[in-house]
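Naming convention: chains lettered A, B, ... in sequence-line order (proteins, then strands); numbering from 1 in each chain. Worth saying up front: this structure is predicted, and the values here are computed from it rather than measured.
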Amino acid sequence: MSASTPHYDVIIIGAGVSGNTIAWQLGLAGKKVLILEAGVAVPDSREEYMENFYLALAKTPEAPYPGIAGRTSVKGQITQPNPGNLPTPRATVLGIGGSPDTSYLVQAQPNGKTNPPTDKNGNVRGLQFSSTYERIGGGTSWHWLGTSLRELENDIQMKTKYGVFHDWPVTYTEMQELWAKAEQTIGVAASTVQQEPLEVVGLKYPPGYQYPMGPIPMSVVDQTVSTGVAGLQVPGMLDGEGDTRMYDVFVTPTPQGRNSEPYQDRRVCAGNTNCIPICPIQAKWDPTVTLGQALDTTDKDGNSNVTVSYQSVAVNIAVEGKSVTRIDYLVWSRDASGKLTSEKKSVTGKLYVLAAHAIENAKLLLMSNNRKGICNSSDQVGRNLMDHVLYLSWALVNPTDDPIWGYRGPLATSGIESLRDGEFRKYRSSFRMEIGNEGWNFSSSDPYNTTMDYIQGTNNALLNPDGQRLGGLALVQKLNSLFTRQFRIGVMFDQAPLAENRVTLDPTYTDGLGLPRPHIDYGLDPYTMEGFRVAADVCSKIYKRMGVTEFTTTGVGGTGDFTYKGKNYHYYGAGHVMGTHRMGNDPATSVVDASQRSHDVPNLWIVGSGSFPTVATANPTLTLMGLAFKSARSILAALRS
Amino acid sequence: MNTKATSAPEADVQDFANMSAALTGFLSSVLKPKLDPVGLARTYYEFALAQVGASQISALLNAFRAIQTQPPQTIADTLLETSSPTPSGQALLAQSIVAMWYLGAWYIPGVKGGGGFPPTPLQIISSEAYTNGLVWSAMQSHPMGFSPFTFGYWSQAPGPLSSFGVDTGNGGGQ
């Protein structure tokens with residue numbers, strides 16, 4: 001190994017949405033960039049990942065990606081690797097709620113019998129953070145859904161407007177310009193005319209704005225829900241307290257990062273109903289597209305301005321005074337026998353970007369400086385861990401009505417966005433509602449569950465109460481009548497930022513490189529849980545209005561189960577991990593500024609949804625890419641000065 | 001019968017396909033087409049053979065041969081013992097064969113799911129097994145992750161069930 005380290009303008013840690021976007025922008029400006037990516041390289045063809053998906057026993061978000069076995073089972077348990085033996089373990093759906101032998105995140109486990117208690121302030125602690133991520137070239141957004149909604153004006157000024165939480169340190173006007181750049185980069189399919197009804201919740205576009213391509217057609221599911229809820233109004237709050245105004249419930253098509261026409265040499269969406277975990281044809285934009293654009297930037301000699309070093313895990317951001325001086329990292333490999341080895345290296349740049357994911361960013365900041373931490377004079381690093389915690393409800397269209405034809409089209413093509421803003425935000429979390437095109441796949445592991453129920457005479461999906469066993473045409477017709485009538489609504493909440501929802505370094509458990517693993521403390525507060533209560537009520541009202549039968553069930557004592565005001569609920573993770581290095585103007589209460597530049601160490605930018613001061617009501621990818629463009633500009637300005 | 005070393009006789013594979021057609025409600029020509037680049041019928045027959053052994057498979061096939069001239073629904077109900085509260089081991093094997101065709105995976109006969117979850121299969125038999133699962137045709141759709149359709153198909157209702165390979169001819173289907 002050469003002792004000399006090449007000198008780059010900028011070192012970026014992480015080849016995901018933010019890192020790739022910034023690398024691309026810097027490369028276009030002729031800057032020399034090195035990306036350190038902890039995980040394996042982007043494969044030449046996604047066929048390898050598709051094969052992983054097809055053969056995975058559980059089609060979880062992580063199923064296609066390296067580092068998970070999951071192709072065989074032993075006594076009904078899907079085999080999983082121990083995160084303690086992996087070089088780049090990550091949170092997985094199969095691991096959530098498990099012991100540290102299966103769960104990378106070290107956190108409370110459900111007791112299997114009862115839900116955690118409510119404390120004197122009405123909080124439920126000891127819950128499981130349930131969102132997952134990837135540590136591979138391209139990052140977690142390999143399996144983003146593609147939803148590309150803009151935030152609402154009040155989403156980013158909650159303190160000013162409703163007196164709760166924090167304002168974002170950016171203006172809506174500036175965000176509009178950043179969202180437009182992100183929409184062009186991703187290739188968002190939408191029509192501003194179709195979005196106009198959302199002016200009632202404060203969605204505004206600059207005059208004359210056009211999306212880069214026309215909208216994705218609404219599914220039959222969308223059309224059926226849209227017709228079925230016509231005229232429905234719901235109160236802002238239940239029990240006649242707080243905001244009792246009535247709000248219109250209506251369906252709008254979702255702006256989506258899926259091609260409605262060929263774009264960037266990528267194909268048109270064929271409705272594979274598989275955006276999560278993997279689009280087989282890359283009709284959905286993913287960060288490898290932008291990584292390719294970054295690698296295509298060249299200097300006058302034709303050399304790429306951007307270099308990626310894969311299997312390179314940053315382990316220390318060395319800081320002297322108020323400056324990063326180098327990044328220490330481990331380059332790992334496996335020998336022919338599968339034995340993990342690693343070699344320590346260091347690299348220097350003029351400026352540095354940490355873009356490793358909200359949890360991994362916090363982990364590395366806390367690990368650095370001999371585990372004393374950096375960039376943390378505010379004590380906010382790792383705190384305010386948030387998610388679009390998700391409530392799921394599901395229903396069946398009655399046999400006398402036309403089928404709703406789920407399991408067809410992109411996973412979600414429309415939503416109910418009309419309840420995202422209102423005075424109720426003073427009192428409870430706001431939410432958006434996503435209409436699913438995949439039947440009861442999410443809610444009930446269908447079509448697997450119901451199919452096996454009717455083959456074996458069980459009733460796990462609750463659609464075989466008489467325990468029938470069928471075969472032949474009778475089986476076809478029964479399954480047909482059920483699967484073509486299933487649909488679900490997922491509800492995502494503007495979860496409150498809480499200082500005690502927190503990532504720290506686990507004192508005991510390490511990964512396969514000997515690095516500390518994230519320890520998570522997590523719970524829900526009454527503001528967030530009241531949102532669940534209202535959303536469950538709205539879902540039931542929607543189903544009643546539509547004349548369909550609701551099947552939503554909840555359990556007790558399992559991962560994601562909690563009790564609020566005497567009723568049991570279940571939450572899922574949305575994969576939207578936020579808040580762990582929040583941005584703000586005040587260095588005393590925030591980690592980064594409006595450009596995602598560290599207050600404490602100004603030659604370091606800490607980027608991604610970890611910078612979000614609040615969850616807000618739009619899925620985060622579009623916004624975090626917009627903020628990456630803003631960071632790239634400030635990095636270029638800093639390089640000039 | 002020597003099951004491991006040599007490939008199964010074609011006649012047995014054809015009988016297995018015919019039996020599977022009755023059990024699943026799909027056309028035999030869909031499960032085992034004349035031009036068959038995938039060869040799932042043979043794959044499944046040999047997989048089941050390896051899992052449970054020749055004697056059990058032979059017994060099931062012989063039971064089918066004895067009633068193969070009866071209507072498909074009768075064959076399915078007889079072999080699956082759908083009206084019996086306690087299906088025999090042979091019927092449980094027939095269930096696993098139905099599950100294999102529908103879901104492309106091997107479910108160990110008689111092992112049930114619980115707690116709101118389906119049983120965990122031993123394995124997905126192959127990627128072709130997944131992408132040829134009959135359950136997706138039964139719902140007039142396509143496997144998640146494997147769409148043969150084109151942009152925008154989801155905005156309209158699909159074609160009739162008969163266009164998805166279901167044997168609606170003999171059983172009074174729609």
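- Classified by interplanar angle (parallel below 30°, tilted 30° to 60°, perpendicular above 60°), the ring pair A/Tyr65/A/Tyr49 is perpendicular.
- Among the candidates B/Pro87, B/Ala129, B/Pro148, B/Ala99, the residue making the largest number of heavy-atom pairs closer than 4.5 Å to chain A is B/Pro87.
- For the set B/Gln156, B/His142, B/Glu128, B/Glu81, the entry with the most heavy-atom pairs within less than 4.5 Å of chain A is B/His142.
- The aromatic rings of B/Trp136 and A/Tyr448 lie perpendicular to each other, with more than 60° between the two planes, well past the 30° mark.
- Classification of B/Glu10 and B/Lys32 as a salt-bridged pair holds, one side-chain N sitting under 4.0 Å from a carboxylate O.
- For the set A/Ala474, A/Ala461, A/Pro277, the entry with the most heavy-atom pairs within less than 4.5 Å of chain B is A/Ala474.
- Per-residue counts of heavy-atom pairs under 4.5 Å with chain B were compared for A/Leu475, A/Leu479, A/Leu482; the largest is that of A/Leu475.
- Contacts of A/Asp222 with chain B are absent, with no heavy-atom separation under 4.5 Å from either backbone or side chain.
- Your options are B/Pro118, B/Ala76, B/Gly113, B/Gly25, and the one with the most heavy-atom pairs under 4.5 Å with chain A is B/Pro118.
- Within a 6.0 Å sphere centred on CD of B/Gln68, heavy atoms belonging to other residues, nucleotides or ligands number more than 12.
- Proximity to chain B involves both the backbone and the side chain of A/Ser219, based on heavy atoms less than 4.5 angstrom apart.
- Within the 4.5 angstrom heavy-atom criterion, no atom of A/Lys75 approaches chain B.
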